[in-house]
Amino acid sequence: MKKRKNTNNFNIIAEIIIIIILIASFAYIDHKISYFELNSNYIDADLIFLVVMFLYVIYIAIHTILHEFGHAVAGLLTGYKFVSFRIGSFALIKKNYKYEFKKFKIRGTIGQCLMYFPDNKTDKIGYKFLNLNGGLVNLIIGTIFLVIGLTTKDNLFNFL
């Protein structure tokens, strides 16, 4: 096994915790689906598991897009100029005042929004707002969907 370069203990511990949480989540969902299948004659647990995993992947993709979009909006509002917007390996890049689609990937990232500040007036740069707005968008959207999910009569929480 190759030894990692330039990694500190915090990154390794964070990766292990994320992997444990994902495995526990999948095990819990699989347990609930299996229990549901044993108590009913018409539900196919494998199909439900695949649908839940598909929805999970879509959920991550939507939140990644919204997260990076939050950075882009905050950057444009604070005077930054657009450089690129990437989700997965698909990127929208501004080059010579034209927008182009490119395909490239940066290891360790799902998405990326690059902005630059046009002049050297560093006291006016709203970098804190730019950096925090991605996570803020995720919190707002997540809260909205949580409230909708908890207030509807037939929701997934009744199943879980």
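- Distance alone, capped at 3.5 Å, places no donor-acceptor pair between the N133 side chain and the V73 backbone.
- Atom NZ of residue K102 and atom NZ of residue K95 lie 4.5 Å apart, to the nearest 0.5 angstrom.
- The two residues E68 and C113 have their closest heavy-atom pair at OE1-N, 3.1 Å.
- For Y116 against F82, the heavy-atom pair with the smallest separation is CE2-O, 4.4 Å.
- Shortest non-hydrogen contact noted between M115 and L76 is CE-N, 3.6 Å.
- With rounding to the nearest 0.5 Å, the separation of CD1 in I141 from CG in L66 is 5.5 Å.
- For the pair E100 and K98, the salt-bridge criterion is not met [side-chain N within less than 4.0 Å of a carboxylate O].
- Y99 and Y80 end up in the same hydrophobic cluster when Ile, Leu, Val, Met, Phe, Trp and Tyr side chains are linked at under 4.5 Å.
- Considering CZ of F101 and CG of L92, their distance stands at 5.0 Å, rounded to 0.5 Å.
- Separating the CG atom in N131 from the NE2 atom in H71 is a distance of 6.5 Å, to the nearest 0.5 Å.
- Note: F85 CZ to F90 CZ = 13.5 Å, rounded to the nearest 0.5 Å.
- With rounding to the nearest 0.5 Å, the separation of CG in N138 from OG1 in T143 is 10.0 Å.
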